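Heads up: the structure comes next, in structure tokens.
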Amino acid sequence: MLIVQKFGGSSVADAEKINRVAGIIADTYADGNDVVVVLSAQGDTTDDLIAKAAEINPKASKREMDVLLSTGEQISVALMSMALERMGLPVVSLTGWQVQMRTNFDYSNARILSCSTERIQQELDKRRIVIVTGFQGVNGMGDITTLGRGGSDTSAVAIAAVLHADKCQIFTDVEGVFTADPRKVPNARKLDEITYDEMMELASLGAQVLHNRSVEMAKRYGVDLEVLSSYVRKPGTKVKEVVKNVEQMKISGIAKDNNVSRIAVVGVPDEPGIAFKLFRVLANSKINVDIILQSIDRNGTNDISFTVSEADYEKTMQLVEERKDSLHYKELYGDKKVAKVSIVGAGMLTSSGVAALMFEALSDAKINIQVISTSEIKVSVLINEDDADKAVQVIHNKFFD
Ligand code: ADP
Ligand code: ASP
Ligand code: MG
């Protein structure tokens, strides 16, 4: 079998952990498999590099940030190869450039366009274990790019897809995908299986256990994906197209996202073209808008509120302020202290009252809901950031206890 194994930053944080992971890789190889390993930067390396850059230039260009951040993964692959060399195993480390992981030009958040199999396959043919840097690629100019925080999962899935690997295993510091973040919700349950669609929603809504684009890619190419522990050798969570919902669960999980800010444009004229003008301006500046809510008409005016990531908050406020005259609004409010808490589950398609149960949990805990947004398999609420952890816990209790 051809197996792609990805290990996250905490799994390779120090020498002892690198040796432990080398043991997992060596066993997989000894079983007769071809093994391609994708690694993240060790521990907090990426954060430390970001802090280092800020000391020199807080407004460093994204291009230079990518040159810097990509070094973290290069350290990991070299060290892991050395650990395997010491065990007497044939191994080679390769960077994003060496495997021709091609991306677009979106520095710091690049998308993978293609990945060559040539070099990796040559090495596998020599029966070598191949260790590849996660998180990085090269664009059409040959510049180094990075895929966005948590992007090593996507590197691993991309490599599994182009190599038609039999399995892509994402090893991390928890035993799989849980019904909520197991570090925050002690009674969270491990799921044996979850669908690509549900996992994609959970990942996009804040469950950082998988990079959302990795799940999207796994679904598109039908990659056999599993999330499992680097520390305990037992089955983790399979992410797949269809699952057996033996427990008939109404929802699969709860996610929280603190990286949300809410902006309210109050008292805009109730006439065609206003929403277009507002969101065109944001789109032109590449600002991603998430939840949008427009109130009903009150004496010829209404209010539009929407959310953007905290990183885009200042820029968004500035852009809307600058257009006060053309948008003709009365007031502008912004709030960074909001969080989005969401429930996700394909079970919602067939069972009713799921949203009501979530709202009941919040009501019992006296947590005020600011905005509600729903789609086929999710319900999200915006609430005060200070209530977010408690909200996740009470909703979890309501659905799973
Ligand atoms: P890695 O460094 O291995 O990529 P991450 O920190 O990116 O690991 O992701 C693993 C973390 O995701 C866990 O430690 C856990 O706290 C968090 N997490 C959030 N939501 C969930 C969930 N629903 N199931 C499992 N882990 C979750
Ligand atoms: N090292 C990168 C990060 O910390 C990528 C990853 O870990 O997936 O975001
Ligand atoms: Mg991660």
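Here the structure is a predicted model, which means the values were calculated and not measured. One-based numbering, in listed order, for ligands and for the atoms of each.
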Note the single closest protein heavy atom to [atom], along with its residue, its atom name and the distance in Å.
atom	answer
atom 25 (C) of ligand 1	Gly176 O, 3.3 Å
atom 7 (O) of ligand 2	Ser40 OG, 3.1 Å
atom 6 (O) of ligand 1	Gln208 NE2, 3.2 Å
atom 3 (O) of ligand 1	Thr172 OG1, 2.7 Å
atom 9 (O) of ligand 2	Arg149 NE, 2.7 Å
atom 4 (O) of ligand 1	Lys6 NZ, 3.1 Å

Have [X] and [Y] got a donor and an acceptor in their side chains that come within less than 3.5 Å?
X	Y	answer
Asn302	Asp270	yes
Ser10	Asp173	yes
Glu331	Tyr329	no
Asn397	Gln393	yes
Glu216	Asn212	no

Check if [X] has a non-hydrogen atom at a distance under 4.0 Å from any atom of ligand 1.
X	answer
Gly9	yes
Ser40	no
Ala180	yes
Ser152	no

Need the ligand 1 atom indices (1-based, order shown) with element for anything under 4.0 Å from a heavy-atom of [X].
X	value
Val174	13 (C), 14 (O), 25 (C), 26 (N)
Asp173	10 (C), 11 (C), 13 (C), 14 (O)
Ala207	20 (N)
Pro182	24 (N), 25 (C), 26 (N), 27 (C)

Could [X] and [Y] be called an ion pair, given the rule that one side-chain N must be under 4.0 Å from one carboxylate O?
X	Y	answer
Lys244	Asp192	no
Lys240	Asp224	no
Lys336	Glu314	yes
Asp386	Lys337	yes

Checklist entry - Quick one: which of Val227, Val209, Val177 has a heavy atom closest to atom 26 (N) of ligand 1? => result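 It is Val209 whose heavy atom sits nearest to atom 26 (N) of ligand 1.
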Next on the checklist: I'd like the name of whichever of Leu210, Asp181, Thr237, Val392 reaches closest to atom 15 (C) of ligand 1 through any heavy atom.
Outcome noted: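 That would be Asp181.
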Item to check | Atom indices of ligand 2, in the order listed, that fall short of 4.0 Å to a heavy atom of Gly151 | outcome: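 Once the distances to Gly151 are compared, the set is 5 (C), 8 (O).
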Next on the checklist: So if I count the atoms of ligand 2 from 1 in the order they appear, which ones are less than 4.0 Å from some heavy atom of Glu73?
Outcome noted: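 Taking each heavy atom of Glu73 in turn, ligand 2 has 1 (N), 2 (C), 5 (C) under 4.0 Å.
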Checklist entry - Only one of Asp143, Asp66, Thr145 clears side chain to side chain donor-acceptor pair (under 3.5 Å) with Tyr107; which? => result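 In the set Asp143, Asp66, Thr145, the residue that makes a side chain to side chain donor-acceptor pair (under 3.5 Å) with Tyr107 is Asp143.
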Checklist entry - Rounded to the nearest 0.5 Å, how far does CG of Asn57 lie from CE of Met65? => result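 Met65 atom CE to Asn57 atom CG measures 9.5 Å (nearest 0.5 Å).
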Next on the checklist: What's the separation between atom OG in Ser230 and atom CD1 in Ile24, rounded to the nearest 0.5 Å?
Outcome noted: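 Between Ser230 OG and Ile24 CD1, I get 5.5 Å after rounding to 0.5 Å.
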Checklist entry - Do Ser152 and His211 pass the side-chain hydrogen bond (donor to acceptor under 3.5 Å, both in side chains) test, and can you show the C-alpha distance, the side-chain angles, and the key distance before you say yes or no? => result CA-CA 8 Å; Ser152 297; His211 193 229; over 6 Å; no
Taking distance alone, with no angle check, do [X] and ligand 2 share an N/O pair under 3.5 Å?
X	value
Gly150	yes
Lys6	no
Thr46	yes

Checklist entry - Relative to each other, are the rings of Phe7 and Phe171 parallel, tilted or perpendicular (30° and 60° limits)? => result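 Correct class here is parallel.
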Considering distance alone, does some N or O of [X] sit under 3.5 Å from an N or O of ligand 1?
X	value
Phe178	yes
Asp153	no
Ser11	no

